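Treat the numbers as computed from the prediction; the structure is a model and nothing was measured. In each ligand, atom 1 is the first atom listed, and ligand 1 is the first ligand listed.
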Amino acid sequence: MPYVLPDLPYDYSALEPYYRAESLEIHHSKHHGAYVAGANAAHAALQEARQADDFTSLIGLEKSLAFNVSGHLLHSMFWKNLSPDGGGRPEGDLAAAINDSFGSFESFRSHLTEAAVTVPGSGWGALALEPRAGRLVVEQIYNHQDNLAHGAVPLLVFDVWEHAYYLQYRNNRADFVGSLWNLVHWADVESRLAIAEGIAVEVHS
Ligand SMILES: [Fe+2]
């Protein structure tokens with residue numbers, strides 16, 4: 001199977017009180033686990049379809065592949081974007097890039113907060129590098145795979161599906177997003193920016 005559920009880089013209780021252990025355990029083991037299983041199943045079903053030369057279910061399988069692989073990718077990033085020692089503000093190259101692209105950290109923070117809180121239905125708010133312009137952008141992702149600018153590389157993602165917060169925050173998505181800012185692992189985000197800057201333009205030119 002090409003996909004495996006990664007372990008969290010911390011204990012389920014490590015993000016308390018902002019993210020309760022019960023919420024985090026269900027989110028990781030059940031929800032993320034389901035996307036891993038779904039992504040593996042999509043690959044297997046597509047291989048079967050090719051071998052049988054039967055593409056009658058192709059549209060649904062392609063959608064399943066996009067949905068589940070994207071869900072797996074975003075959750076894997078989300079866990080590493082958070083840390084028990086997170087919060088505060090970015091420094092160094094990431095802070096400079098945020099200032100260049102958004103004017104100030106406060107302006108960026110307001111933009112990403114609003115994007116995450118107002119996602120219609122299920123989705124994500126994301127900070128991404130858009131390599132053609134060489135700028136950071138905020139994206140509002142629908143489900144896991146829609147409303148994206150091709151080629152933009154996500155660096156920091158906020159999961160705002162109800163499964164991410166409902167157990168602890170009920171319907172108060174804005175409170176959950178506010179709590180996430182206390183957990184952001186800026187060193188992880190900065191390392192992703194450095195990697196993305198190195199590869200993105202060549203790949204998408
Ligand atoms: Fe999630």
Q. Do Ser122 and Glu162 get their side chains close enough for a donor-acceptor pair, meaning under 3.5 Å?
A.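 Their side chains do not contain a donor-acceptor pair, so the 3.5 Å distance test is not met.
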Q: Please determine, by modelled atom types, if Ser83 and Trp186 share a side-chain donor-acceptor pair under 3.5 angstrom.
A: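 Checked: Ser83/Trp186 side chains show no N/O donor-acceptor pair below 3.5 Å.
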**Q.** Within residues 58-71 or reaching into it, pairs that qualify as side-chain hydrogen bond (donor to acceptor under 3.5 Å, both in side chains) - sequence neighbours excluded
**A.**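 Those involving residues 58-71 are Ser64-Asn68.
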Q. With His27, which of Tyr12, Trp79, Tyr19 fulfils side-chain hydrogen bond (donor to acceptor under 3.5 Å, both in side chains)?
A. Tyr19
Q) How many angstroms lie between CD1 in Ile195 and CG in Leu129, if you round to the nearest 0.5 Å? A)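 Those atoms lie 12.0 Å apart.
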Q) For the Fe ion (ligand 1), how many protein N, O or S atoms come closer than 2.8 Å? A)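 With waters ignored, the protein N/O/S count below 2.8 Å is 4.
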Q | Test: Glu106 and Arg89 ion pair at under 4.0 Å | A | yes
